[in-house]
Amino acid sequence: MRRSSNTNYLTQIFVIAKNAFREAVRDRILYNLVIFVLLLTGAAIFLGELTAGQEVRTIINLGLNAILLFGAFIAIFVGVGLVSKEIEKRTVYAIFAKPVTRSQFLVGKYLGLSLTLLVNTAVMGIGVTLALLYVGGGDRLASVWVAVFFVFLELCVLTAVAITFSSFSTPALSALFTFFIFVIGHFSSSLREFAAALGSAGAKAVFGTIYYIMPNLSLYGFRTQAAYGLLPDAAAVAAITGYTIVYIAILLSIANFIFSRRNFK
Amino acid sequence: MEHIVEIQDLSKDYETGFWKKKKVRALDGLSLRVEPGQIFGFLGGNGAGKTTTIKILMGLLFPTSGTARILGRDIGDTSMHREIGYCPENPYFYDYLTADELINYFGEIFGLDSARRKERSAELLTKVGLAEKDWNKQLRKYSKGMLQRVGLAQSLINDPKIVFLDEPMSGLDPVGRREIRELIAELRSSGTTVFMSTHILSDVEALCERVAILRRGKLAATGRLEDLLANSEQQAFEINVSGISAAALRPFAASSNAELFEKPTGISLQVNSETEIDAALKAVRGSGGKLLSVQPVGRSLEELFVEKTGTA
């Protein structure tokens with residue numbers, strides 16, 4: 001009995017996630033891939049001529065940073081609308097009269113966008129791979145795919161931040177807050193150094209707290225190392241993946257706590 | 001289970017304003033019971049609290065105080081939603097889906113397998129009168145009336161025991177209203193309870209056994225429609241005649257306190273009791289008039305509505 005209700009619980013999350021993915025596809029979000037491919041093709045052809053011998057590193061740097069930026073754009077702007085658009089358009093009314101809890105809806109929508117980002121990131125990763133093979137950088141593919149995986153993890157965190165803000169704020173403000181977090185998160189380690197350098201205990205505590213609350217996005221910055229063909233050890237990959245899962249779980253719990261108490265006027 | 005819906009002392013305050021929050025009471029101590037197997041009309045003017053009540057029942061709003069149960073289970077119990085249906089007011093759905101995909105999506109949420117979903121989608125879309133050529137059009141291309149029909153179809157996907165319809169006739173043309181009215185009557189025949197909010201009174205008269213009338217968030221009246229409409233005073237009758245002038249009947253009208261109206265088809269004489277009918281007919285025949293009809297005059301639902309809701 002217990003098992004069947006668990007199965008139902010997950011089935012409904014899966015059905016909602018699948019529909020959120022379908023929504024992203026029909027809203028032509030994956031069209032950004034076309035721009036990405038054009039950018040990369042252009043780079044592979046022209047940059048190689050300009051910087052003789054540097055083309056492999058240039059392709060990797062440009063490709064990975066573009067994957068992050070395109071993905072961040074989707075995570076922020078689609079992420080803040082995931083739930084708020086449904087409330088505004090009143091599509092949630094019919095959903096919540098069905099046997100669907102608010103947490104199932106929230107997690108389903110989150111997973112749907114994560115799946116979209118996974119497909120987006122993977123296709124872009126394949127684009128970078130092809131460009132690398134074209135310029136003869138096939139020996140760095142393993143590093144590149146580790147970096148792509150890290151970019152995907154970062155985008156998952158960013159989506160969770162966006163959905164959390166949008167559970168209590170307007171889409172425009174949520175997008176702005178999420179963008180701030182994206183920027184601050186990258187300077188997370190500087191924040192800790194800054195806290196350590198400060199004299200007063202109070203200021204130390206404040207900046208120390210911010211450091212621990214903010215997502216540490218600099219963890220995912222493996223792009224430069226990837227350009228040199230370096231590989232992280234398995235323990236570091238596991239630790240970073242674990243951190244990501246815990247961080248997302250905490251954010252979604254907060255979002256769910258707020259969202260479950262909302263009135264849909 | 002005696003009552004399919006039990007609402008006990010339900011209140012809802014909305015907070016308005018940003019800094020200085022003001023409370024506006026949308027629903028005020030509503031208590032209501034609905035018996036299974038009937039069409040229950042939930043009436044009231046704009047802003048009376050009908051939609052607020054239904055949204056609380058559906059778990060979209062949380063009550064400020066009070067409790068409610070559907071099918072004997074608390075409204076906070078989402079598993080109860082397996083057995084209910086809901087069509088929101090002016091329904092709106094994912095506009096990137098087609099009607100068929102939407103019904104399939106909701107069917108999947110209820111765990112129906114793909115063959116059953118396909119069958120059920122065709123069955124329901126036919127039932128609500130959507131032409132087959134429109135089933136695979138994206139909902140963004142749908143008119144208001146078509147969306148209303150899709151809304152009704154999706155509310156029935158799980159074969160619910162009770163269905164909540166918030167203004168189900170809005171956006172429909174007269175033919176559409178008649179079709180949906182027939183569909184609602186059919187639901188009752190198949191044993192589904194219908195809880196329907198509306199302010200289209202002719203639909204209430206045609207469909208509802210029992211009604212509740214809300215006024216400014218409070219229950220103004222509830223009961224069998226017949227009982228609410230029955231005039232406790234003496235029953236009046238309307239006598240329609242032709243072939244004579246109003247002047248010929250004026251002496252009779254003056255002596256018996258009857259009212260006289262001129263109509264395009266002749267004269268209408270309204271007497272205050274059954275015993276006066278004979279005398280009136282004598283007066284009509286005496287002047288060479290021809291009797292067209294005699295009918296009891298009930299209190300109209302419109303009069304009742306205006307009285308109870310205080311809206312003119």
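The basis for the numbers below is simple: all heavy atoms, side chains too, and nothing from hydrogens, waters or symmetry mates. Every chain is numbered from 1, with letters handed out A, B, ... down the list of sequences. Since this is a predicted model, take the numbers as computed values, not measurements.
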Do any N or O atoms from the side chain of A/R90 and from the backbone of B/N90 form a donor-acceptor pair under 3.5 angstrom? yes
Of the backbone (N, CA, C, O) and the side chain (C-beta and beyond), which part of B/L57 lies under 4.5 Å from a heavy atom of chain A, both, or neither? neither
Report the option among A/K89, A/E23, A/K85 that has the most heavy-atom pairs separated by less than 4.5 Å from atoms of chain B. A/E23
Quick one: are A/T11 and B/E108 in side-chain contact, heavy atoms under 4.5 Å? no
Testing the basics here: between B/P88 and A/A94, what is the closest heavy-atom pair and its distance to 0.1 Å? CG-N, 4.4 Å
Could you tell me which of B/D95, B/I56, B/T78, B/L60 has the largest number of non-hydrogen atom pairs under 4.5 Å with chain A? B/L60
Of all heavy-atom pairs linking A/A97 and B/M58, the shortest is CB-SD, 3.9 Å
Considering all heavy atoms, the nearest A/R262-B/F62 contact: O-CE1, 3.4 Å
Using every non-hydrogen atom in the two residues, find where B/L61 and A/N263 come nearest and quote the distance to one decimal. CA-OD1, 3.1 Å
If you measure from CD on B/Q154 to CD1 on A/I95, what distance do you get to the nearest 0.5 Å? 9.0 Å
B/Q138 versus chain A, heavy atoms under 4.5 Å apart: side chain, backbone, both or neither? side chain
Region of A/E86 in contact with chain B, defined by heavy-atom distances below 4.5 Å: side chain
Just wondering, are more than 12 heavy atoms of other shown residues or ligands nearer than 6.0 Å to CZ in B/R216? no
Beyond-backbone contact of A/N19 with B/E101, side-chain heavy atoms, under 4.5 angstrom: no
Part of A/R261 within contact of chain B (heavy atom distance under 4.5 Å): backbone
With sequence neighbours left out, what residues match A/Y93 under side chain to side chain donor-acceptor pair (under 3.5 Å)? B/K55
When you look at OH of B/Y14, are more than 12 heavy atoms from neighbouring residues, nucleotides or ligands closer to it than 6.0 Å? yes
For B/F164, is it the side chain, the backbone, both or neither that has a heavy atom under 4.5 Å from a heavy atom of chain A? neither
With heavy-atom distances below 4.5 Å as the criterion, would you say the side chains of B/R82 and A/N8 are in contact? yes
Spatial distance of atom CG (B/L102) from atom OG1 (A/T91) [nearest 0.5 Å]: 10.0 Å
Measuring only between side-chain heavy atoms, which start at C-beta, is A/R22 closer than 4.5 Å to B/Y105? yes
With sequence neighbours left out, the residues meeting side-chain contact (heavy atoms from CB on, under 4.5 Å) with A/S174 are A/V80, A/F165, A/S166, A/S169
Spell out, as yes or no, whether a donor-acceptor pair under 3.5 Å connects the side chain of B/H81 to the backbone of A/F96. yes
Any B/F110 side-chain heavy atom under 4.5 Å of A/K98 side chain: yes
